[in-house]
Structure formats: structure tokens, C-alpha cells
2 protein chains.
Amino acid sequence: MRTAEKAAATEWPTPKEGLGIGQLENHLGYFLRRLQIWVFQDFIQTLRPMKVRPAQYSVLLVIEANPGRSQAAIAQTLSIERARLARLLHVLEKRKWISRRASASDARSHSLYLTNDGEKALTRIKILAKRHEAQLAGFIGPRRRQQLLDLLREFG
Amino acid sequence: MRTAEKAAATEWPTPKEGLGIGQLENHLGYFLRRLQIWVFQDFIQTLRPMKVRPAQYSVLLVIEANPGRSQAAIAQTLSIERARLARLLHVLEKRKWISRRASASDARSHSLYLTNDGEKALTRIKILAKRHEAQLAGFIGPRRRQQLLDLLREFG
DNA sequence: CTCGATTGTTGTCAATGACAACATTGTGCC
DNA sequence: GGCACAATGTTGTCATTGACAACAATCGAG
């Protein structure tokens, strides 16, 4: 039993082609990262016509879903640092996709909105994002994609 | 039916506390990245006593599982660029954890091995890594962790 | 042998996350 | 009202990571 335990814990199948990954097989983070990299790569490629990166896209969607909120609120929602969000917004503002207005209730904060240009752009962006999601479903299978989404969504 | 479709596609629950994330709810990449960041953060924190980062850890495990292989083979296995792996190995070599020997069959390539120090360090590293994985199971639940692992492992 | 491919290395650039400092403004407390 | 402390947005800096290009040395096919 002791030897069986040891064997079960240390032996890993070495595929004929390529190398084995050893105990990485037991690490969720490894596979999580590999898939995440694939997903982001595909997203960047698919969204290249609009030159939108994942972080920018997430900011646009959250502003769309919560117009008029402050940068701090957006940053907290997306777990982005305020400093980083400020720079992201600077780019989006230069592209005329968002506008910062002075908040009526708090002179420190800015209220964030999509501009008309931003809404138009987001419409096109969403079409590409949908295509990306379809490609992802093709890569890992629609069923597995939904299972992963359900599992991960529960503690966003 | 048309209105129902539209409602199902555009309305999102806005939680009482915090902001909604809009159509990000439908993007696997978003949740994938959030969990991956949590996992890596916890890994880095837990492994801090050994000052090992995820990439270094993965390299050590793959060398352990495939001693004597070339940098190109390791890089391909982990989908790391040769350039990046070279710099990673420089650090590991300075810490006396790995050794590069001239390959007998190919003068261009190096054969990679763990040193005795490297094996000893890896033993301690694995203990911390196991602790990290336990913490992850505590965070998302052991059952969900296993489900995610099974789902993700199928197309490493 | 010659030409193209492979291997390891170095340099550079962009994106990202982390931290610190700062001016401005809000809030709680006396 | 006045004061200390917190929050907000901004800028600067640093480290990590991935991507790409160039290079010398070497291999392999023809």
C-alpha cells in the first residue's frame, strides 16, 4: 500500500510524442492559464479590426451597464487598479468612445458615459466578440464551454 | 417571443451591492482570467518563502519529469518562448537548481538537469505548492476544483 | 560543400500589475 | 466652523510577461 501510494503520487504518463508535464497535471492554475492565454489571443486576433483589447472591452461593457458611475466604482467592479483604469480611460477618451463629466454630487469623481461614437463602436465590437466566443466554443466544445462558464460564474 | 429573446439577451441582474458587469457575464475569458489571477496570487504568496514564481515552478517540474532534454523541447512543452526560457534558466542556474550540460548528440543544444540542490529545493517547493492547492480547494470548493481540473485537462 | 533550418542568446517594445506620492475634495468629529 | 482622516483621480516608477527581430553556431538535406 505504501508503494502503491508512492507510485500513484509520482508516476505520470509520458506521452509518446512530446514531453510529460509531471506534477503540473495536478495544478489547476496551469491549465487555467493555458486556456486563458488561448482565449485572450483569440480575442485580440478577432477584435483586431477594432483594435480593442480585453481590458478595454471590459471597461466599455461595464460603463454601458452602469452609466454615470465613478472611476473608483468601475475599477472595483473589474478589480483593476484606479491608476491603471485612469490610463485605460485616457485612451478610450482620445478615441471619443467615452466621456468624463464632473459628478454633480462629488467634485472629486468623474461620471463615465459612452459617447454616441462609443455606442456605435461597441455595437460593432460586440459582433466581433460574439464571433470570438463562437470560435472558443469550437475550440473546446460548446458543452464544455457552458460547463466552465457555469462553474466559474458562481464566485465572479 | 421576439421580445422575450431580446430581454433574455440584454437584461442582466444588477446586484444591490456593487455594479453589474453587463455582457461580460457571457464571456468565459473574463471569469477564467479572474480565477487565474487569484490562483497565481495565492501561489506567489504561498511560495514566497522559496521565492519561486509559477513559471519557474513549471520549468522545474518539467525538467524533473524529463531530465536531459533540450531547452527547445521544454519551451515547446510549456508553450514558453525560447527567448523567455533562456532567461528563466539563467536565474535557476544562478540559484544552482539546474545544470546545463552540452548535449552529446547535438552541439547546439543543452541538456537540462536538476542539481542536487535543485531536487532538495523542489521537495520543499512541492510541499508549499500542495498547501497552495489546498487553499485553492478551500476557496472554490474541492468538488468544483476537481470538476474544473477534469474539464481543463482534456486539451492541455 | 552549400543552403536552409534549428538552437540558444540578446535586445527591444508593449501590456499589465503593483506601489508610492500628490493635489483636490469629502466626511466625521470636536 | 475647523481639523484630521479618508477617498478620488492622476502621474511616476518598477517588475513581470509575452512578442518579435537579429545573431552566431551548428545540424541536415541535397
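A note on names: the letters A, B, ... follow the listed sequences, proteins ahead of strands, and every chain is numbered from 1. The model shown is predicted, which means the values in this text are computed figures rather than measured ones.
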Q: Can you run down the side-chain hydrogen bond (donor to acceptor under 3.5 Å, both in side chains) pairs that involve residues 52-65 of chain A, sequence neighbours left out, and say none if there aren't any?
A: A:Tyr57-B:His27, A:Glu64-A:Lys126

Q. A:His90 near the nucleic acid: base, sugar-phosphate alone, or nothing, with a heavy-atom cut-off under 4.0 Å?
A. nothing

Q: Return each pair, listed once, that meets side-chain hydrogen bond (donor to acceptor under 3.5 Å, both in side chains) where at least one residue sits in residues 86-96 of chain A; pairs must be two or more places apart or across chains.
A: A:Glu93-A:Arg100

Q) What is the 5' to 3' range of DNA chain D, first to last nucleotide, that sits under 4.0 Å from any heavy atom of chain B? A) D:dT16 to D:dC27

Q) Separation of B:Ile80 atom CD1 from C:dT7 atom P, in whole Å? A) 16 Å

Q) Closest heavy-atom contact between A:Leu88 and A:Ala55? A) CD1-CB, 4.1 Å

Q | Integer-rounded Å distance: C:dT16 P and B:Arg34 CZ | A | 16 Å

Q. Looking for any heavy atom pair under 4.0 Å, which part of the strands does A:Gln41 touch: base, sugar-phosphate only, or nothing?
A. sugar-phosphate

Q.
Rounded to whole Å, please give me the gap between CZ in B:Arg33 and P in C:dA15.
A. 14 Å

Q) What about A:Val91 and A:Met50, same hydrophobic cluster or not, with Ile/Leu/Val/Met/Phe/Trp/Tyr joined at side-chain heavy-atom distances under 4.5 Å? A) no

Q. Has B:Gln147 got more than 12 heavy atoms of other residues, nucleotides or ligands less than 6.0 Å from its CD?
A. yes

Q: Report the distance from atom CZ of A:Arg87 to atom C1' of C:dA14, rounded to the nearest whole Å.
A: 14 Å

Q. Between residues 91-104 of chain B and DNA chain C, which residues have a heavy-atom gap below 4.0 Å?
A. B:Arg100

Q) What is the distance from CD of B:Gln76 to C1' of C:dG8, rounded to the nearest Å? A) 16 Å

Please list, for nucleotides 1-6 of chain C, all pairs of protein and nucleotide N/O atoms separated by less than 3.5 Å.
from  : atom 1 : to       : atom 2 : distance (Å)
C:dT6 : O2     : B:Arg108 : NH1    : 2.6

(Q) Would the distance check show the side chain of B:Ser70 and the main-chain N or O of B:Ser111 forming a donor-acceptor pair, the cut-off being under 3.5 Å? (A) no

Q: Take the protein atom CD of B:Glu81 and the nucleotide atom C1' of C:dC13, then report the distance between them rounded to whole Å.
A: 12 Å

Q: Take atom CD1 of B:Ile37 and atom P of C:dA15, then tell me their distance rounded to the nearest Å.
A: 17 Å

(Q) Categorize B:Gln71 for me: base, sugar-phosphate, or nothing, with a 4.0 angstrom heavy-atom threshold over every strand shown. (A) sugar-phosphate

Q) Heavy-atom contacts under 4.0 Å between residues 46-55 of chain B and DNA chain D, which residues? A) B:Arg53

Q) Rounded to whole angstrom units, what separation is found between the CG atom of A:Leu85 and the P atom of C:dA15? A) 16 Å

Q.
I'd like to know whether CD of B:Glu119 has more than 12 heavy-atom contacts from other residues, nucleotides or ligands below 6.0 angstrom.
A. yes

